[in-house]
> 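Before I ask anything, here is the structure I am working with.
For the numbers below, each heavy atom of this structure counts, side chains included, while hydrogens, waters and symmetry mates do not. Along the sequence shown, residues are numbered consecutively beginning with 1.
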Amino acid sequence: MLGRAGMLDEAKELIDEMPFKPNATVWGALLGACRIHHESHLAETALKNLVELNPEDSGNYVLLANIYAKSGELEGVANMRKLMKVKGIRKSPGCSWIEVDNTVQVFTVDDTNHPQIKEIYIKLEEMMKKIEHTERYISPISSPHRSQKYHSEKLAFAFGLLSLPSWMPLYVMKNLRVCHDCHSVIKLFSFVTSRELIMRDGFRFYHFKDGVCSFSDYW
């Protein structure tokens, strides 16, 4: 709660005063709050403790790299990449899936294997133009990793919009945490299509309706 409110120093003090040793959930909550509020210094402290508790979790390194990128600290991004390489830690490949006609359709970033991939990309481009016209979408300037334009969850939702009737909510699952840009895009998809969009990523469920996220844009 303190982290969500932006009271990061108070959150750190609370952790320091705990009568027991903080676990990965506690440090992960602080790291997530640092991402929301672009606090890279305290995020480094959270990551150091997370690495001691779970050194093989690539998600923590990637999250800190994203914090550095948002803060314009490109040297920090490079250092995270180097550290992951030295430790032999690889980012888990992201994938998303949606069930249509009792068949699970799986997508990866920049997917080219789906038999309807051309139609899916056309639909996604069409949807991106619609949300840009709302003037509520800000395209990401840069990313510490690969392009965010064709992340797997965007492709899965585009396929759902192509394949399922307009009255039906769309349910998409993803194995990793949804990125900031995809969260914004899916939220606006719900606005321009007047559809309920539900996604479960590696951390929680999100319910998007009329351009509003059930977590009030905190994830």
> Around Met18, counting heavy atoms of other residues, nucleotides and ligands shown, do more than 12 lie under 6.0 Å from its CE?
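Above 12, so yes.
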> Using side-chain heavy atoms (C-beta onward) and a distance below 4.5 Å, is Ser152 in contact with Lys174?
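Yes, their side chains come closer than 4.5 Å.
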> Out of the candidates Phe159, Tyr121, Trp97, only one should pair with Phe107 under the ring-ring contact (aromatic ring centres under 6.0 Å, His included) rule; please name it.
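Among Phe159, Tyr121, Trp97, the one that satisfies the ring-ring contact (aromatic ring centres under 6.0 Å, His included) with Phe107 is Phe159.
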> Are there over 12 heavy-atom neighbours, none belonging to Asp101, within less than 6.0 Å of that residue's CG?
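Not more than 12 within 6.0 Å, no.
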> Tell me whether Met128 shares a hydrophobic cluster with Leu197, the cluster being built from Ile, Leu, Val, Met, Phe, Trp, Tyr side chains joined at under 4.5 Å.
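Yes, same cluster.
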> For Lys130 and Glu126: C-alpha separation, side-chain torsions, deciding distance, then whether salt bridge (Lys or Arg N to Asp or Glu O under 4.0 Å) applies.
CA-CA 6 Å; Lys130 285 184 177 181; Glu126 172 193 320; 3.6 Å; yes
> Between Glu132 and Lys129, is there a salt bridge with N-O shorter than 4.0 Å?
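So Lys129 does not pair with Glu132 through a salt bridge.
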> Do Met127 and Ile98 land in one hydrophobic cluster if side-chain heavy atoms of ILVMFWY residues count as linked below 4.5 Å?
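Same cluster.
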> Hey, which of His38, Glu75, Glu44 is the one that makes side-chain hydrogen bond (donor to acceptor under 3.5 Å, both in side chains) with Tyr68?
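Exactly one pass, corresponding to Glu44.
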> When you compare the side chains of Asp111 and Tyr150, does any donor N or O come within less than 3.5 Å of an acceptor on the partner?
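Checked: Asp111/Tyr150 side chains show no N/O donor-acceptor pair below 3.5 Å.
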> So do the side chains of Arg195 and Trp167 get within less than 4.5 Å of each other, counting heavy atoms only?
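When only atoms from C-beta onward are counted, Trp167 and Arg195 do not touch, as no gap falls below 4.5 Å.
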> Any salt bridge between Lys149 and Glu125, counting N to O under 4.0 Å?
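Glu125 and Lys149: salt-bridged.
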> Following the transitive rule for hydrophobic clusters with a side-chain heavy-atom cut-off under 4.5 Å over Ile, Leu, Val, Met, Phe, Trp and Tyr, establish whether Ile198 and Met168 coincide in one cluster.
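Different clusters.
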> Restricting to non-hydrogen atoms, name the atom on Ser58 and the atom on Ile89 that form the minimum distance, rounded to 0.1 Å.
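In terms of heavy atoms, the two residues are closest at CB-CG2, 3.7 Å.
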> Do Arg136 and Phe191 meet the cation-pi criteria used here (NZ or CZ under 6.0 Å from the six-membered ring centre, within 45° of the axis)?
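Output yes; distance and angle both within limits.
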> Please round to the nearest 0.5 Å and tell me the distance separating atom CD1 of Ile15 and atom OG1 of Thr45.
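Those atoms lie 10.0 Å apart.
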> For Glu99 and Leu164, work out which heavy atoms get closest and say how close.
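Taking Glu99 first and Leu164 second, the nearest heavy atoms are O-CD1, 4.5 Å.
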> Is Val100 linked to Ile186 within one hydrophobic cluster, defined over Ile, Leu, Val, Met, Phe, Trp and Tyr using a side-chain heavy-atom separation of less than 4.5 Å?
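Yes; Ile186 is reachable from Val100 via cluster members.
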